[in-house]
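This structure is a prediction, so every number in the text was calculated from the model and none was measured.
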Amino acid sequence: MLEQMGIQAVEAKKVLMVASTEMKNRALTKIAEELVANTEKIVEANQLDLDAGRKNGMAASMLDRLKLDTDRIAGMAKGVMDVVNLPDPVGRILNTVQRPNGLIIQKVSTPLGVIGVIFEARPNVTSDAAALCLKSGNAVILRGGKEAIHSNQMIAQIMRDAVKKAGLPENVIQLVGDTSRDSANELMQMNQYVDVLIPRGGAGLIQAVVKNATVPVIETGVGNCHIYVDWEADIEKAVEIVFNAKTNRVSVCNAAESLLIHKDIAEKVLGKIKERLDEKQVELVGDDASRKIVEGIAPATKEDWGTEYLDYKMSVKIVESLDMAVEHIYQYGTGHSECIITENKETAEEFLNRVDSAAVYVNASTRFTDGGEFGFGAEIGISTQKLHARGPIGLPELQSFKYKIYGNGQIR
């Protein structure tokens, strides 16, 4: 079955890669309209997944990732329309050179071709990935997890029908119905049909793809995101930024997991931060210094410093300097998103320059590491690698390039 999907995707990409911007935008607009029009069907399908998740003991934070309602489906449709409003990345002239022999060489952006996306519980990824791939001229084969299979199947079918109504091949978007490990492994090795693979999910999924795929991989990363409260921080800002970064949505990769506080401000700010986090019953685990300052902080293990909790839990460490904070981030961070809270511009700039993560913030929540918030319309994932793509993967990252050479009879 997967081989047939690969063949269909290759045929579909031949049409899509030369489709006009108007045609692609028409298809995307139709997708957005149909998602909203079929909200009730999507919610019903999603309820089957939620019921199965509860029956299987799925954690509340993961159920939140899985849940779709009217507002979230409207958000999915808005994400698709945001992509409509972005410039078409295909066919941009990146560089032009005229050689002494008269050859004109143009470097031009082109689609990657067929993209495979392997992802876990969040069904909104289905529409985000499909929209970005379509606008960037790429056919996509989606392989979601069993937790969201009913939701994904409904969303994919709605999108395929919409694309067909708009005049493009429905096979520019395909969903693998088999959620077994075998289907994932087969997709990872479909070099004949798939040009690049993008995994989106937990550390286990991502590493399984990186280690087992023969298809080239754009690696998305887990998010052990840090907030460092400098001794010159505004305490009110610190409290609200930490609260938002940790609790706005705990089950996502850009949620803050680790809190570092300079020793000179710790006694003033840690109690206030804990008091605010208590409103959401966030469990804090910390070093000896933090536990001496505030009661109710459990002892942290070495493993806590490197853990992406995706839950109402956060590690706390008191540091003596910016140097110590940066070193801690280097040792335990995942290269995703880090933040400094400070009113000292020189300290802020030093933090920005020294921390080697995809997104580095001054006085703002790490929750902004998101394709929509960055103005990319949507995203397929957050890349923490350095080759080809880094940070939110939007339209530009779904392009390769080729050279167009114009001659007039030149021979070598």
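By the 4.0 Å N-to-carboxylate-O rule, K41 lies too far from E44 to be salt-bridged with it. Contact check on D370 versus R367 returns no salt bridge, with no Lys/Arg side-chain nitrogen under 4.0 Å from an Asp/Glu carboxylate oxygen.
The local environment of CD in E343 is crowded, with over 12 non-hydrogen atoms from other residues, nucleotides or ligands closer than 6.0 Å. Atom CD of E346 sits in a sparse spot, with 12 or fewer heavy atoms from other residues, nucleotides or ligands closer than 6.0 Å. For Q4, the CD atom counts as densely surrounded, since its 6.0 Å shell holds more than 12 non-hydrogen atoms of other residues, nucleotides or ligands.
Listed here is the closest heavy atom pair of S136 and N138: OG-ND2, 2.8 Å. Nearest heavy atom pair, residue Q385 against residue S383, reads CG-OG, 3.1 Å. Closest of all the heavy-atom pairs between I261 and A266 is CG2-CA, 3.6 Å.
Side-chain atoms of H226 never come within 3.5 Å of backbone atoms of L260 as a donor-acceptor pair (strictly under, hydrogens ignored). In this structure a side-chain-to-backbone donor-acceptor pair under 3.5 Å is present from N344 to T347. Looking at K246, its side chain does come within 3.5 Å of a backbone N or O of D311 through a donor-acceptor pair. In this structure a side-chain-to-backbone donor-acceptor pair under 3.5 Å is present from T220 to P199. With hydrogens and angles disregarded, no donor-acceptor distance shorter than 3.5 Å links the side chain of E120 to the backbone of G201.
In this structure, R200 fails the cation-pi test against F119, since its NZ or CZ atom is not both closer than 6.0 Å to the six-membered ring centre and inside 45 degrees of the ring normal.
I31 pairs with exactly one of R26, M159, M76, R160 by the side-chain contact (heavy atoms from CB on, under 4.5 Å) rule, that one being M159.
No side-chain N or O of T307 forms a donor-acceptor pair with one of N224 less than 3.5 Å apart.
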